[in-house]
Amino acid sequence: MKPQIAELLAAAVAQLKQDNVLPAEFEANIQVENTRDKSHGDLATNLAMTLAKVAGKNPRQLAQMIIDALPASELVEKVEIAGPGFINFFLSQASTNSLLKAILEAGETYGRNNSGAGKKVQVEFVSANPTGPLHIGHGRGAAVGDCICRLLEANGWDVTREFYYNDAGQQINNLALSVQARCKGLTPDHESWPADGYRGDYIIDLANSYMNGDTVVSEDQSYTGAKDADDLEAIRHFAVAYLRREQDLDLKAFGVNFDVYFLESSLYTEGKVEDVVQRLINSGYTYEDGGALWLKTTEFGDDKDRVMRKSEGGYTYFVPDVAYHLNKWQRGFERVVNEQGADHHSTITRVRAGLQALNVGIPQGWPDYVLHQMVTVMRGGEEVKISKRAGSYVTLRDLIDEVGRDATRYFLAARKADGQLTFDIDLAREQSSDNPVYYIQYAHARVCSIFRKLEESGLSWTLESGLAVLDKLELESEKDLIVRLGRFPEVVKSAGSSNEPHMVANYLKDLAAEFHTYYNSEKTLVEDADVRNARLTLAEAVRQVIYNGLHLLGVSAPTEM
RNA sequence: GCGCCCGUAGCUCAAUCGGAUAGAGCAUCGGCCUUCUAAGCCGAGGGUUGCAGGUUCAAGCCCUGCCGGGUGCGCCA
């Protein structure tokens, strides 16, 4: 409804320009907002207040002139001036009726739009290195990242989900050494245990599997254990494949799938690192000092220049990062979203600086970053410290098993990413019945239950019969519910453009609350067939929107609970 | 020391490019099941939005300075 109201206002502004109330050259910024308070109508604009200065009138006086200049419309019941000069619009039943019709005709596509126009977007998330099981922090990344993907798809983008991992660095060597130590029967307290070795029990399982000669198959590779405790290279390959499989299983259980697995090692084997170094040298932003090769990142906002090639000859980690992002750009992703933990923050400036230095037309703020803050885990009233090396864990698998997939996804995605998150496992488990996700799902199940009851009574409802009697929705609560349903598309759009899936969760909670209230105050299956059919139509629209919204969060919409 | 994130009810969190009386859930207290699922609803209490200034018709939101919590700052990845 917002665009229609904005059109009316634009017409009024044009009229006032013609009447010389407003200067002809002036470009008015028309904003139509949802109201928080019902007494302020359904939609409101601050137009009179923003134009008051230019017009040389007080805002309320100007508001009246704008109202007088508004073209007639059957969408609007009445218009009022309120407070310092807000213009409040009360929508007519004709407008809510047509809204309801539009929702039901759109069905599962209601809320979607084509603002992405089919353009390619890549979302990189999780990107855990294969050195251990996924923990709750990865879970947050997985939930937020996947929801961002779903939102982008709903906004008409062509989404590629990508998982990037380092399969060749120092951490992997430590992993291989740790597994090798276990293969030889060593324990972490032994004096020849590797210095930075991984101590978790999963290393034992891994070592046993390798010595058994198991074959592990993950999404992007497979490898058979060589049973040889002295073959470090074979152990390394096996360990990576084994942990990748474990991570894939966890992610699958979480409802998260990837289109592309990108190996950091491929940047080296395919010459992409060398290529990007050469490009940077050619661009003139590099220099040598102390035997190392430096990049002048300070020219692009960094606080000091960064080493690209160490004096001993190896590259620092940010060079493959730049190479990887150049590759993303070359693959034609106009938009890229990197969902990572906030501890990766320092790479943002460096990667962007490197991309700018390449001088290949990459926009300055490219790519987008969504950084989620740490998750603190509480169990038994105490904080659980997560340490890979010490083997202290709250794995994503633990959470899915204990709390459930729907609740875990909801909890991790329903909050803004840029705040720390406290996840109290006992609370999530013990109070599972008070969990907000059930509250939303319950609203969905209730509508389904109404329709089952209808069928049991030998009655029926069709969309046609319902749409024919929408005028029977005379209650204020019914109108409010419809107005809220009408806001769903803008939530999808706004959440999609700002990469903030939590907005969808909040919207659904509010919608569910409004429906529960309505459900308790008005019976749907009443004697009067017209009223009944009209209310069933409304209930079905509510169900559809909750279904669509839950789908965006990757949470199921049960038909009974 | 420098950079970034956060600070909102006892707790966990919202607040849609700066809008009107800052909202939910949990917890506490009091009501509602012979009526479509009580995993629900209705009501009550609970706030100087960390502090102090500034910008404007309007600030939880923007600017400056403090305070507090977190995190990152290597020729490690």
Side-chain angles (χ1 to χ4, degrees), chain A residues 29 31 33-37 39-40 44 46 49-50 52-53 58-59 82-86 88 129 166 169-172 264 289-294 302-304 306-318 320-321 341-349 371-374 376 411 414-424 427 431-436 438-439 441-443 445-454 456-457 487 490-491 493-495 497-498 500 502-503 505-507 509-510 512-513 515-526 532 535-536 539 560-561:
Chain A
N29 175 21
Q31 303 173 42
E33 295 158 354
N34 297 319
T35 55
R36 288 186 190 172
D37 188 330
S39 66
H40 298 146
N46 57 3
M49 289 179 288
T50 58
K53 238 177 206 175
N58 82 54
F86 289 101
N88 295 334
N129 284 339
N166 178 337
Q170 188 53 41
Q171 298 175 60
I172 301 298
E264 182 180 0
D289 184 42
L293 181 67
W294 296 71
D302 204 352
D303 53 0
K304 57 181 174 183
R306 303 291 167 177
V307 170
M308 292 169 58
R309 190 174 58 224
K310 294 176 275 186
S311 48
E312 46 89 344
Y315 294 110
T316 57
Y317 74 93
F318 106 92
D321 274 358
D343 53 338
H344 289 81
H345 158 261
S346 57
T347 69
I348 298 179
T349 309
L371 299 183
H372 63 260
Q373 295 288 323
M374 266 186 38
T376 307
F411 260 87
R415 290 166 165 74
K416 268 188 305 199
D418 58 7
Q420 289 161 238
L421 167 59
T422 304
F423 199 115
D424 188 327
L427 202 71
Q431 300 190 336
S432 62
S433 62
D434 291 324
N435 202 308
Y438 293 123
Y439 182 82
Q441 290 178 319
Y442 186 45
R446 268 186 154 170
V447 175
C448 295
S449 171
I450 294 173
F451 277 91
R452 278 195 299 272
K453 205 79 181 177
L454 176 79
E456 287 169 18
S457 314
R487 293 178 182 173
E490 62 191 75
V491 171
K493 196 164 190 173
S494 176
S497 64
S498 58
E500 294 185 305
H502 77 280
M503 293 175 65
N506 289 331
Y507 170 83
K509 209 174 62 181
D510 291 343
F515 177 72
H516 283 309
T517 297
Y518 173 69
Y519 177 91
N520 274 275
S521 66
E522 309 300 333
K523 191 168 175 175
T524 304
L525 301 178
V526 292
R532 185 175 68 233
R535 289 182 179 174
L536 283 165
E560 56 186 320
M561 294 176 73

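By convention in this document, chain letters (A, B, ...) are assigned in the order of the sequence lines, proteins followed by strands, and residues within each chain are numbered from 1.
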Per the atom types in the model, does the base of [N] pair as donor or acceptor with the side chain of [X] at under 3.5 Å?
X      : N     : result
A:Y317 : B:A77 : yes
A:S311 : B:C75 : yes
A:N46  : B:G19 : yes
A:N88  : B:A20 : yes

Does the side-chain ring of A:H502 sit on the six-membered ring of the B:A14 base, less than 5.5 Å centre to centre and under 30° in tilt?
->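 Whether judged by distance or by angle, A:H502 falls short somewhere, so it does not stack on the base of B:A14.
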
Under 5.5 Å between ring centres and under 30° between planes: does that hold for A:Y519 against the base of B:G40?
->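 Per 5.5 Å and 30° rule: no stacking.
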
Is [X] close enough to [N] that one of its side-chain N or O atoms is under 4.0 Å from OP1 or OP2 there?
X      : N     : value
A:R446 : B:A38 : yes
A:S346 : B:G72 : no
A:Y439 : B:A38 : no
A:T517 : B:C42 : yes
A:K53  : B:C57 : yes
A:K453 : B:U35 : no

Students often get this wrong, so: under 4.0 angstrom with heavy atoms, is [X] touching a base, only sugar-phosphate, or nothing?
X      : answer
A:A445 : base
A:F411 : nothing
A:A44  : base
A:S449 : base
A:H40  : base

What nucleotide, of [options], holds the atom closest to the side chain of [X]?
X      : options             : result
A:H345 : B:C5, B:A39, B:G3   : B:G3
A:K523 : B:C36, B:G19, B:U12 : B:C36
A:R36  : B:C75, B:G19, B:C41 : B:G19
A:N520 : B:C75, B:G40, B:U16 : B:G40
A:N129 : B:U21, B:A77, B:C42 : B:A77

A:S521 side chain vs A:Y518 backbone, donor-acceptor pair below 3.5 Å =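 It does hold such a pair.
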
Would you say A:S449's side chain and A:A445's backbone share a donor-acceptor pair under 3.5 angstrom?
->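 Judged by distance alone, no pair lies under 3.5 Å.
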
Would you kindly say whether A:D37 and A:S39 are connected by a side-chain donor-acceptor distance under 3.5 Å?
->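 Yes, side-chain donor-acceptor contact under 3.5 Å.
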
Is the closest side-chain donor-acceptor distance between A:N34 and A:E490 under 3.5 Å?
->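 A pair is found: one side chain offers a donor N or O, the other an acceptor, under 3.5 Å apart.
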
Upstream residue (5' side of RNA chain B) when A:D303 and A:T50 are each assigned their closest nucleotide |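 Closest to the 5' end, via its nearest nucleotide, is A:D303.
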
Mapping A:R306 and A:M503 onto RNA chain B by nearest heavy atom, which one lands closer to the 5' end?
->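 That would be A:M503.
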
Figure out the CZ/P separation between A:F318 and B:A77, and round it to whole Å.
->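 These atoms are roughly 12 Å apart.
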
Taking all atoms of both residues into account, what is the closest heavy-atom pair of A:G341 and A:L371, and its distance?
->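 Result for this residue pair: O-CD2, 3.8 Å.
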
P gap between B:A44 and B:G25, integer Å |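 My reading of the P atoms in B:A44 and B:G25 gives 13 Å.
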
Given the C1' atoms of B:G3 and B:G45, what is the spacing between them in whole Å?
->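 So the two C1' atoms sit 44 Å from each other.
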
Is B:C33 syn or is it anti, if syn means the base angle is within 90 degrees of 0?
->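 B:C33: syn.
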
